[in-house]
K.L.:
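Submitted below is the structure of interest, expressed as structure tokens.
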Amino acid sequence: MPRKIIIDTDPGQDDAVAILLALASPEDIEILGITAVAGNVPLALTAKNARKVCEVAGRSDVKVFAGCDRPLAHALVTAEHVHGKTGLDGPDLPDPTMLLQDQHGVDFIIETLRVEPSGTVTLCPLGPLTNIATALQKAPDIAEKVQEIVLMGGAYFEVGNITPAAEFNIYVDPEAAEIVFKSGVPIVVMPLDVTHKALVTAPRNEAFRSLGTHPGTVVAEWTDFFERFDKEKYGSAGAPLHDPTVIAYLIRPDLFTGRYVNVEIETQSELTRGMTVADWWRVTDRAPNAMFMGDLDADGFFALLTERIARL
Ligand code: RIB
Ligand code: CA
């Protein structure tokens, strides 16, 4: 029985690969819809990019919605320095022909959770948590209806990537993250602690390119573009492929290990805004609220990813 999901996203080359992985896995995943949020680039671009990605996979039937265009309490912070000015730099892809849905992404999330049987819909946020938090605030009744939230965001041992203390998705909208982590909804977190071990080394990127398919070539060219920032910054062997870890978890949770711990979000301090304070060593009596991942089988992850992208 495929798992019903809503992908909430700010494409972003790594978001794009996550969407392709989900579209390539119909036996595991049924995408009910994709909701775009402002993050890596402004909303108009993330909503456009989400449709571009669906069309790379020949899936103009997927419903794509625009959600919130700015964080709850702060001005939007974007990441063109990583993803380029379009947010999807690398290959030159045509403008999408498929249309955006008229409904606001937040209302789609609320309506879907109210219509589908309780406990059967998983939310997969890959960007700032603005849409998810807004839905929870507008319709508190949906919290108990969500099967699970599996998100990319935060960090503990890896600390920050946009500031010394915070990971980008949480940093952009820490108030939204606080609402999500206090919602009581079951949460699985894919932090930088995991994604920085999912590096697209040259052999791994060549495996995408040598598929000889349009999607395979596009994935390789996205990686060629966005790895330049991380390799220079971290001196790493390749770019961390952050967001596809969320989708891979739905298909092969055994690839990941972590701990069920308390995670709180810093929202007050300018210095540490957006920090995910994970009680990894259980030194407080704060109740655990998230499965915080710490490691993955990187070879297994890339084998799954390559095998599935080859299907498109
Ligand atoms: O910090 C990495 C996260 O921020 C990823 O989701 C990337 O796409 C950006 O949104
Ligand atoms: Ca993202």
K.L.:
For V37, is there any backbone N or O sitting under 3.5 Å from a side-chain donor or acceptor partner on T46?
P.N.:
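Side chain of T46 to backbone of V37, a donor-acceptor pair under 3.5 Å: yes, one is there.
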K.L.:
Under 4.0 Å between a Lys/Arg side-chain N and an Asp/Glu carboxylate O for D28 and R308?
P.N.:
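Answer for the salt bridge query: yes.
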K.L.:
Side chains of D295 and T257: is there a donor and an acceptor less than 3.5 Å apart?
P.N.:
no
K.L.:
Of the options V150, V194, L255, D254, which is the one that meets Y249 in a side chain to side chain contact (heavy atoms under 4.5 Å, CB included)?
P.N.:
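Only one of V150, V194, L255, D254 forms a side chain to side chain contact (heavy atoms under 4.5 Å, CB included) with Y249, namely V150.
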K.L.:
Is the shortest distance from a Lys or Arg side-chain nitrogen in K52 or E55 to a carboxylate oxygen in the other one below 4.0 Å?
P.N.:
no
K.L.:
State which residue, out of V219, D14, T223, fulfils the side chain to side chain contact (heavy atoms under 4.5 Å, CB included) condition with V200.
P.N.:
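Of V219, D14, T223, side chain to side chain contact (heavy atoms under 4.5 Å, CB included) with V200 is met by T223 alone.
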K.L.:
Run through T195, D230, N169 and flag the one making a side-chain hydrogen bond (donor to acceptor under 3.5 Å, both in side chains) with H242.
P.N.:
T195
K.L.:
Once the angle between the rings of Y156 and W280 is folded into 0 to 90°, is it parallel (under 30°), tilted (30 to 60°) or perpendicular (over 60°)?
P.N.:
parallel
K.L.:
Looking at R252 and D297, is any side-chain nitrogen of the basic one under 4.0 Å from a carboxylate oxygen of the acidic one?
P.N.:
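Not counted as a salt bridge, because no side-chain N and carboxylate O are separated by less than 4.0 Å.
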K.L.:
Would you call E178-K182 a salt bridge at under 4.0 Å N-O?
P.N.:
yes
K.L.:
Would you say E266's side chain and Q268's backbone share a donor-acceptor pair under 3.5 angstrom?
P.N.:
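Answer holds: yes.
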K.L.:
So, taking the atom named SG in C54 and the one named CG in N49, what distance separates them when rounded to the nearest 0.5 Å?
P.N.:
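Answer for the SG-CG pair, C54 versus N49, is 11.0 Å.
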K.L.:
Any Lys/Arg nitrogen of R204 or D299 sitting under 4.0 Å from an Asp/Glu carboxylate oxygen of the other?
P.N.:
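A salt bridge links R204 with D299.
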K.L.:
Taking T122 as the fixed residue, which of R3, E148, K4 is the one that meets the side-chain hydrogen bond (donor to acceptor under 3.5 Å, both in side chains) rule?
P.N.:
R3
K.L.:
Using a 3.5 Å distance criterion without hydrogens, assess whether the side chain of N40 forms a donor-acceptor pair with backbone atoms of A79.
P.N.:
no
K.L.:
Hey, what's the ring geometry for F301 with F256, parallel, tilted or perpendicular (30° and 60° as the breaks)?
P.N.:
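Perpendicular: the ring planes of F301 and F256 meet at over 60°.
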K.L.:
Ignoring hydrogens, what is the shortest heavy-atom contact between A287 and N262? Give both atom names and the distance.
P.N.:
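Taking A287 first and N262 second, the nearest heavy atoms are O-ND2, 2.8 Å.
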